[in-house]
Amino acid sequence: MGGISKFTRWRTATAERVGRADRDLLVLTIGMTAIVMFVNTGGNIMPQVVRSLAGIGLPPDRLLSTAFLLNIALVIFGWRRYRDLAEEVAERSRAEERARELAETDPLTGCLNRRSIAPATEALIAASSERGELVAFIMIDIDNFKRINDANGHGVGDLVLQECARRIEELLPERGLLARLGGDEFACVVPFHAGMAERIDEFAERITGAVARPVPHGEQTIEVTVSVGVARSDGACDPERPVDAAELLHMADVAMYQAKKAGKNRFFWFERPMESELRFRSELETAMRAGIRKGEFVPYYEQQIDLESGTISGFEMLARWQSPRFGLVGPEAFIPIAEDIGVIGELSERLIAEALRDAQGWDPRLTLAVNISPVQLRDPWFAQKLLKLLIEARFPPSRLEIEVTESCLQENIGLVRSLITSLKNQGVRISLDDFGSGYSSLAQLRTLPFDRIKIDRSFVTAIPGNRDSATIVEAINSLGEGLGLPITAEGVKNKAVVEALKQIGSFTAQGYLYGRPEPAAMMRKRLSALDLLCDEPAAAAQEATVPLSGAA
Ligand code: C2E
Ligand code: CA
Ligand code: CA
């Protein structure tokens, strides 16, 4: 790889220079000694040999001859020693080179690793500043890599990493560096002229474009995208102090995080205000983790009204965060974070447990609906966990509905189907939430045995004045009738919508017309006024007969 080759070539050259210097000294010593002795003894003995051969002198002195022969042996010995040593030095430098390569490169992709990118970056910054250039540190993170790994196995994950490295490497300019920082994170370091930052824009765009070409694997192809953050070496916090690799990495990381947040598969340059946003997010995460432990997340309830009879048929539980610091926070703000930081399962289970306790006091005809995140449906133990909660609360499964959105059905449909089947076998009902908002809603209806369709509120809210929305709601109603599925209309905000719905068919309705979602205590008051409380949870629990053995 160009990234490694440039850096390691420099290290190799240095190592070779050191090895050669040792060897030269040895050669010089042996050579000098041999020559001095050879000249000395040879200078004495050779005239005697010549004279003796010419018959004009005595044979050479025995002692000198022996010394001369010894000297020849020494020269041969010295030469062989030189050869062995040269071989030894070469071998040692090869071994050192290999050890250094292992320490400095990532064995999977052959890129530099996290440890070696820092000195290499600093060397590049120094070299570039001598040429009047800056350096761009480009952080590249594969989107949803965990999902690629989970769905296809780690072998395929490795293949994707190697392919990404190869594609980025192909685009790397002269003197550029490429490292794998670990997991699914890569970094490129590229010199550029201060006035030509658009070159880096182009480079980042080419990276996102090249990686986004599907990765072939056997019969199938794997879709990969990356989020990219870029920081420049003149963007240090303290302009007096030269930027170092750690600061550049941090800045690029912050920018990359913004790219993820803005929808992934894009690149952002680092800007200072991003940092405070990130700090806020990290404070939010900490507060959320603590809030879950302290029970700050509570269920709110939205009524579901049977339009034909005008009575309450049940409630949808909607999560709220009563944060002492941030006030009452809605789920659209915290559910995505809970999914990101891996606490959605725990959060949802606590909320469902509490909702089941609340629902024990309701009239047994009332149902409870809960929203389930796609992340939870990736947990093979999800069905068992939910059934355990039902048993602990002694709540009849037939009164529980779980709401899943189309995004739950996008991946690993085999696992989702087996989870849903286990739950259905125990009597839990399944609703397809936000129907119509996704692009493949109709197809999704066939993937799982749903018990209910919930029409997305965007169609319902618009019915009175908008003929198209009314037509869509009519079509969904016919579909529901055809499939024998009851339909809930969400987002019923006024009487005109109710009248329009009644003209179309028979619906269950939810929406602000019947009040905003409310906490358990208020909901109990409402039910009490309607004589819909049953304060003998044991009676309701009689129906709860879920054998754990059948789970999942
Ligand atoms: P959703 O399941 O579609 O829930 C309905 C949302 O629409 C609720 O927002 C509700 O307050 C709002 N809504 C009801 N009637 C009207 C109306 O007439 N007009 C308008 N504009 N809105 C109305 P909320 O409570 O903010 O929940 C938002 C989303 O958060 C929910 O959408 C659901 O997808 C998700 N969510 C809520 N609780 C949980 C939870 O415990 N787990 C998971 N995974 N998701 C949850
Ligand atoms: Ca819902
Ligand atoms: Ca919905």
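One-based numbering, in listed order, for ligands and for the atoms of each. Throughout, residue positions are numbered sequentially from 1 according to the sequence presented.
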May I ask you to check whether I335 has an N/O atom sitting below 3.5 Å from an N/O atom of ligand 1? no
Can you name the N, O or S atom of D433 that is closest to the Ca ion (ligand 2)? OD2
Within the 4.0 Å heavy-atom cut-off, what S373 brings close to ligand 1 is both
Could you see which bit of D433 sits under 4.0 Å from ligand 1, with heavy atoms only: side chain, backbone, both or neither? side chain
is_close_aromatic(Y300, W321), centroid dist under 6.0 Å: no
Which is closest to atom 4 (O) of ligand 1 by heavy-atom distance: I344, L318, V329, I372? L318
Which atoms of ligand 1 have any heavy atom of E332 under 4.0 Å away? 28 (C), 29 (C)
Short N-O contact, E346 and R350, less than 4.0 angstrom: yes
Does S313 reach the main-chain N or O of Q304 with its side chain, forming a donor-acceptor pair under 3.5 Å? yes
Rounded to the nearest 0.5 Å, how far apart are CD of E392 and CG of L387? 11.5 Å
Is E308 salt-bridged to K502, cutoff N-O under 4.0 Å? no
T221 side chain vs H217 backbone, donor-acceptor pair below 3.5 Å: no
Can you tell me if an N/O/S atom from D434 lies under 3.0 Å from the Ca ion (ligand 2)? no
Applying side-chain hydrogen bond (donor to acceptor under 3.5 Å, both in side chains) to D106 and T109, what does each step give before you reach the verdict? CA-CA 6 Å; D106 164 50; T109 58; 2.5 Å; yes
Which of the atoms of ligand 1 are close to P517, meaning less than 4.0 Å from one of its heavy atoms? 11 (O)
Keeping T461 on the side-chain end and R457 on the backbone end, is there a donor-acceptor pair under 3.5 Å? yes
Can you tell me if Q510 has a non-hydrogen atom under 4.0 Å from ligand 1? no
Among P331, G330, A319, the residue with a heavy atom nearest to atom 26 (O) of ligand 1 is P331
For residues 329-361, pull every pair meeting ring-ring contact (aromatic ring centres under 6.0 Å, His included), keeping only residues two or more places apart or in separate chains. F297-F334
K493 versus ligand 1: do any nitrogen or oxygen atoms come within less than 3.5 Å of each other? no
Quick check: R457 and ligand 1, any N/O pair under 3.5 Å apart? yes
Test item: S431 side-chain N/O and D433 main-chain N/O as donor-acceptor pair under 3.5 Å: no
Check whether NZ of the Lys or CZ of the Arg R272 lies under 6.0 Å from the centre of the six-membered ring of F270 and within 45 degrees of that ring's axis. no
If we set the cut-off at 4.0 Å for heavy atoms, which region of E490 has an atom near ligand 1: side chain, backbone, both, or neither? side chain
Got an N, O or S from E490 under 3.0 Å of the Ca ion (ligand 2)? no
Of the backbone atoms (N, CA, C, O) and the side-chain heavy atoms from C-beta on, which set of R516 has a member under 4.0 Å from an atom of ligand 1: side chain, backbone, both, or neither? neither
Applying a 4.0 Å heavy-atom criterion (strictly less than), which segment of D434 is in contact with ligand 1: side chain, backbone, both, or neither? side chain
Flag E316 as yes when one of its N or O atoms lies below 3.5 Å from any N or O atom of ligand 1, and as no otherwise. yes
So, E185 and R180, do they make that salt bridge, N to O below 4.0 Å? no
Row for the Ca ion (ligand 2): angle OE2 (E316) to OD1 (N371), 10° precision, value 90°
Please work out which of I352, V370, N371 has its closest non-hydrogen atom nearest to atom 33 (C) of ligand 1. N371
Below 4.0 Å from any atom of ligand 1, is there a heavy atom belonging to S348? no
I want to know if ligand 1 touches R320 in the polar sense, i.e. an N/O pair below 3.5 angstrom. yes
Of all the N, O or S atoms in E403, the one nearest to the Ca ion (ligand 2) is OE1
Between R281 and D340, does at least one N-O distance fall below 4.0 Å, as a salt bridge requires? yes
